[in-house]
Amino acid sequence: MATLIRVDQIAAYEGQEVTVRGWVYNRTDKGKLCFLLVRDGYGYVQCVAFKGDLPEELFDRMVRLPQESAVIVQGTVRKDGRAPGIPGGYEISVRDLQIVHEAALDYPMALKEHGVDFALDHRHLWIRMPSQWAVLRVRAKVIQAAREWLNANGFINMDTPILTPNAVEGTTTLFETQYFDEGSAYLTQSGQLYNEANIYAFGKVYCFGPTFRAEKSKTRRHLTEFWMLEPEMAFTDLDGLMEVEEQLISHIVQTVLRECQPELKSLKRDTTRLEKVQPPFPRISYDEAAEILRQIYEQESDPERKELLRFEWGMDFGSPHETELTNRFEKPVFVYGYPTAVKAFYMQPWPGRPEVCKSVDLLAPEGYGEICGGSERIYDYDLLLERIRQHNLPQEAFKWYLDLRKYGSVPHAGFGMGVERVTAWLCGIEHVREAIPFPRTIKRVYP
RNA sequence: UCCUGGCUAGCUCAAUCGGCAGAGCGGGCGGCUGUUAACCGCUAGGUUCGAGGUUCGAGUCCUCGGCCAGGAGCCA
């Protein structure tokens with residue numbers, strides 16, 4: 001029995017007899033010569049057979065194998081620049097072939113681009129195609145790299161509940177569900193408040209899980225269910241927060257560049273700008289950003305675009321503003337000190353400037369927008385209570401959260417990183433829905 | 001909720017001014033010893049999103065409705 005190998009490690013087996021188990025992604029037959037492009041989950045490899053290499057009956061079956069048939073291939077690994085695949089450059093000369101399952105002939109995914117609706121209706125099959133496979137492998141690497149960095153830097157994983165009794169920020173629309181006799185429960189939109197409890201037990205923590213927004217956002221940057229990584233740190237201010245963010249993001253980007261080359265190459269991702277993602281990232285204040293946007297607005301001649309870019313101090317950024325701002329920087333850019341009025345109730349006011357708070361967003365280049373949002377949190381009991389009242393939040397529901405300001409309260413800070421947005425940015429894809437295996441959008445809960 | 005665009009073969013699309021509904025891929029049959037979404041020949045495959053209207057004649061024009069997209073708003 002030849003050694004069972006993974007296609008991503010094929011280069012190590014040049015000249016050896018190996019076994020690959022997988023599925024037929026494409027087949028080309030040229031009379032007495034037949035190519036199977038087989039994917040095994042780790043990569044895509046070309047398997048070649050000449051008519052004389054196999055028993056006639058088996059060769060005839062190989063030539064007629066439908067796309068997606070399951071096979072076990074034995075043969076010799078040969079280096080050949082002509083061989084397509086991921087990583088490519090190696091092929092297997094087939095000596096024997098077992099057909100585990102002959103797929104039905106009506107496989108709906110053609111080897112070409114599909115319309116969005118059709119592709120998403122067949123997401124369960126679409127993920128087999130190289131583009132989707134590559135993106136989802138990068139997503140997994142993003143998560144792995146993030147955990148690596150956090151674990152190596154003193155953070156402990158402390159997951160937070162998905163079913164929650166109330167709105168975290170009181171602003172956004174939540175998915176509501178009946179919770180036995182306890183009334184309504186809501187799907188979480190952030191683990192942050194619980195993380196703030198966790199830091200007083202563990203110092204530095206992070207949670208990682210799905211978050212839910214019932215908003216009717218219909219854009220390339222929104223999902224109703226998305227995954228967020230949320231670190232939270234005791235004894236940390238805004239500057240300390242930005243240092244952690246830029247180190248974490250840089251580690252993720254450099255890890256993906258180092259370990260996902262075949263995936264990025266198959267996505268035709270130009271990585272020159274990603275290679276520059278190293279600390280420190282530029283930091284500009286909201287005031288400076290507002291001034292830049294004012295100049296951009298004045299210089300814009302197209303009336304339609306000018307209207308989209310209209311901006312006044314006090315507004316939150318729209319996506320046209322984010323794109324214009326980030327186009328002026330090579331790396332992700334921090335924008336800090338947003339107006340208190342447009343941010344959540346728990347953010348620490350700027351000393352001497354209560355109209356501004358110690359919040360920071362990290363905006364990715366190339367129009368990918370906000371990938372992280374965070375802040376220093378209010379740690380004074382009376383101020384937090386005042387904010388809860390100002391925002392008309394149910395004080396009783398926040399009793400535990402207020403308790404945290406009574407027993408050893410310290411300056412602390414944290415942020416959330418959107419995994420799909422980071423993945424979409426690194427892969428250079430248009431829409432975050434391809435950066436999660438089974439996307440949930442306002443118009444889609446199937447499959 | 002608003003704005004804009006789209007809906008034609010299983011898929012991706014074409015159809016000029018309102019005048020015979022087409023191609024490529026995928027499927028079937030045949031050919032080919034280096035294909036890269038192979039190529040060549042043959043073949044099957046249609047309620048043109050739905051309803052109504054204008055017209056000798058509607059995929060095309062008009063009205064209403066449906067579905068989808070991505071932008072605004074909202075948000076990560």
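Lettering follows sequence order; numbering is per chain, from 1. Every value quoted in this text rests on a predicted model; they were computed, and no experiment measured them.
Residue A:Gly85 is classed as having no contact, given no heavy-atom separation below 4.0 Å to the nucleic acid. Nucleic acid contact for A:Leu223: base, since at least one base atom lies under 4.0 Å from a heavy atom of the residue. Counting any heavy atom pair closer than 4.0 Å across all strands shown, A:Asp80 reaches a base atom. The residue A:Arg444 sits apart from the nucleic acid: no heavy atom pair falls under 4.0 Å. Counting non-hydrogen atoms under 4.0 angstrom, A:Gln46 reaches a base of the nucleic acid. At a threshold of 4.0 angstrom between heavy atoms, the contacts of A:Arg433 are confined to the sugar-phosphate backbone, with no base atom among them. Among the protein residues, A:Thr211 comes within range of no part of the nucleic acid, since none of its heavy atoms lies under 4.0 Å from any strand. When heavy atoms are screened at a 4.0 angstrom cut-off, A:Phe118 is found touching the sugar-phosphate backbone but no base atom.
Residues from residues 326-340 of chain A with heavy atoms under 4.0 angstrom of RNA chain B: there are none.
Residue side chain A:Glu430 does not reach the base of B:G70 through any donor-acceptor N/O pair under 3.5 Å, judged by distance alone.
Helical stems in RNA chain B, defined as runs of 3 or more consecutive Watson-Crick or G-U wobble pairs with donor-acceptor distances under 3.5 Å: B:1-7 with B:66-72, B:10-13 with B:22-25, B:27-31 with B:39-43, B:49-53 with B:61-65.
Using atom P as the reference point in both B:U4 and B:G65, the two lie 15 Å apart (nearest Å).
The residues A:Lys358 and A:Glu376 are annotated as salt-bridged, a charged nitrogen and a carboxylate oxygen being separated by less than 4.0 angstrom.
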Listed pairs, N/O of protein and of nucleotides 31-33 of chain B, under 3.5 Å:
from, atom 1, to, atom 2, distance (Å)
B:C32, N3, A:Gly31, N, 3.3
B:C32, N4, A:Asp29, OD2, 2.8
B:C32, N4, A:Gly31, N, 3.2
B:U33, OP2, A:Lys32, N, 3.3

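Both the sub-6.0 Å distance and the 45° axial angle are not jointly satisfied by A:Lys51 relative to the ring of A:Phe59.
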